[in-house]
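Since this is a predicted model, take the numbers as computed values, not measurements.
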Amino acid sequence: MKTKIIFVLLAVVLSACTFQTKHRGYVFPQTIDTDVAGIKTTAQLMDKVGAPQTKTLYGDEVWIYYGADENYRGPLRHTFTDKTVLLAWVNGNAVKKIQILHDDDLADIKIDSGETAVPAAIELNALEELFNNIGRFTPAGLGQ
């Protein structure tokens, strides 16, 4: 009887596990290092790699491409593998420099679980929020 219970519990635990990998971002070919080696213009970069996911706003213009595999392992925390970042420094229509970063080149960043305080924010509890909203809204159809 104990073995049946253990078998049922094991079946329930294993049935909750999914092993799935989803690709996030740009899909880089295996030969990306050699594909971008001779690129000198933005037209060539757009032809070989495509439009960038984002461009920098300040400082040097850098086109950024990012791709990673997100791995789901049931109740365990999901992880990212095969992270790749392509950075292209652009000046007008010319590509000055291209750098490709892989998993080992990227630093592991731990995101803090705390919250950032908003300066001059008013913090109200649920009851204060409820009474604060009384009279703020007009009934529908009154045209205000």
Side-chain angles (χ1 to χ4, degrees), residues 5-144:
I5 293 173
I6 292 173
F7 181 72
V8 169
L9 288 175
L10 184 61
V12 168
V13 168
L14 290 178
S15 67
C17 294
T18 60
F19 299 99
Q20 186 178 26
T21 299
K22 291 184 180 180
H23 191 78
R24 302 287 184 206
Y26 187 81
V27 180
F28 290 101
Q30 295 293 329
T31 58
I32 189 67
D33 295 323
T34 57
D35 290 349
V36 299
I39 292 179
K40 299 293 180 204
T41 66
T42 56
Q44 291 174 331
L45 184 61
M46 292 281 285
D47 185 46
K48 289 275 190 186
V49 185
Q53 289 169 313
T54 188
K55 298 177 183 178
T56 55
L57 295 175
Y58 303 105
D60 293 340
E61 184 177 359
V62 180
W63 291 11
I64 302 169
Y65 302 83
Y66 174 77
D69 291 332
E70 189 172 10
N71 305 305
Y72 296 96
R73 302 292 183 249
L76 303 175
R77 206 169 163 194
H78 64 274
T79 59
F80 292 91
T81 56
D82 298 326
K83 295 177 286 200
T84 304
V85 178
L86 185 142
L87 304 169
W89 281 262
V90 175
N91 186 8
N93 290 332
V95 175
K96 297 190 295 186
K97 175 182 161 187
I98 292 179
Q99 183 177 6
I100 299 173
L101 305 171
H102 297 287
D103 284 332
D104 297 336
D105 304 323
L106 300 170
D108 288 333
I109 298 173
K110 183 175 184 267
I111 297 175
D112 191 13
S113 62
E115 296 180 10
T116 302
V118 178
I122 299 171
E123 304 227 358
L124 303 174
N125 62 30
L127 196 56
E128 289 172 330
E129 284 281 351
L130 177 67
F131 285 110
N132 196 28
N133 285 328
I134 292 176
R136 279 197 181 181
F137 306 103
T138 58
L142 293 181
Q144 290 185 349

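Atom CG in Leu45 sits 5.5 Å away from atom CH2 in Trp63 (nearest 0.5 Å). Summarising the geometry, atom CZ belonging to Phe28 is positioned 13.5 Å from atom NZ belonging to Lys83; distances are rounded to the nearest 0.5 Å. From Lys97, atom NZ reaches atom CD1 of Ile39 across 15.5 Å, with rounding to the nearest 0.5 Å. In this structure, CG in Asp35 is found 12.5 Å from CD in Gln44, a value given to the nearest 0.5 Å. Here the CG atom belonging to Leu130 is positioned 11.5 Å from the CG atom belonging to Leu124, to the nearest 0.5 angstrom. Here the CG atom belonging to Asn91 is positioned 5.0 Å from the NZ atom belonging to Lys96, to the nearest 0.5 angstrom.
The pair Glu70-Arg24 meets the salt-bridge criterion, with a side-chain N (NZ, NE, NH1 or NH2) lying under 4.0 Å from an Asp/Glu carboxylate O.
Thr41 and Asn93 share no donor-acceptor pair across their side chains, judged by distance under 3.5 Å alone. A side-chain donor-acceptor contact under 3.5 Å links Asn71 and Thr81.
Remark: side-chain polar atoms of Tyr65 are paired, donor with acceptor, to backbone N or O of Gly50 under 3.5 angstrom.
What you find for Leu101 and Asp105 is that their closest heavy atoms are CA-OD2, 3.6 Å. Between Met46 and Pro52 the shortest heavy-atom distance is SD-CD, 4.2 Å.
Looking at Trp89 and Glu61, their side chains never come closer than 4.5 Å, going by heavy atoms from C-beta outward. For the pair Leu87 and Ile98, the minimum side-chain heavy-atom distance is 4.5 Å or more. Between Val90 and Val62, the closest side-chain pair of non-hydrogen atoms is not below 4.5 Å.
For Glu129, the CD atom sits in a packed shell: over 12 heavy atoms of surrounding residues, nucleotides or ligands are nearer than 6.0 Å.
Of the listed residues (Thr79, Thr21, Thr84), just one forms a side chain to side chain contact (heavy atoms under 4.5 Å, CB included) with Asp69, and that residue is Thr21. When each of Val49, Ile64, Leu86 is tested with Tyr26 by the rule side chain to side chain contact (heavy atoms under 4.5 Å, CB included), just one qualifies, namely Val49.
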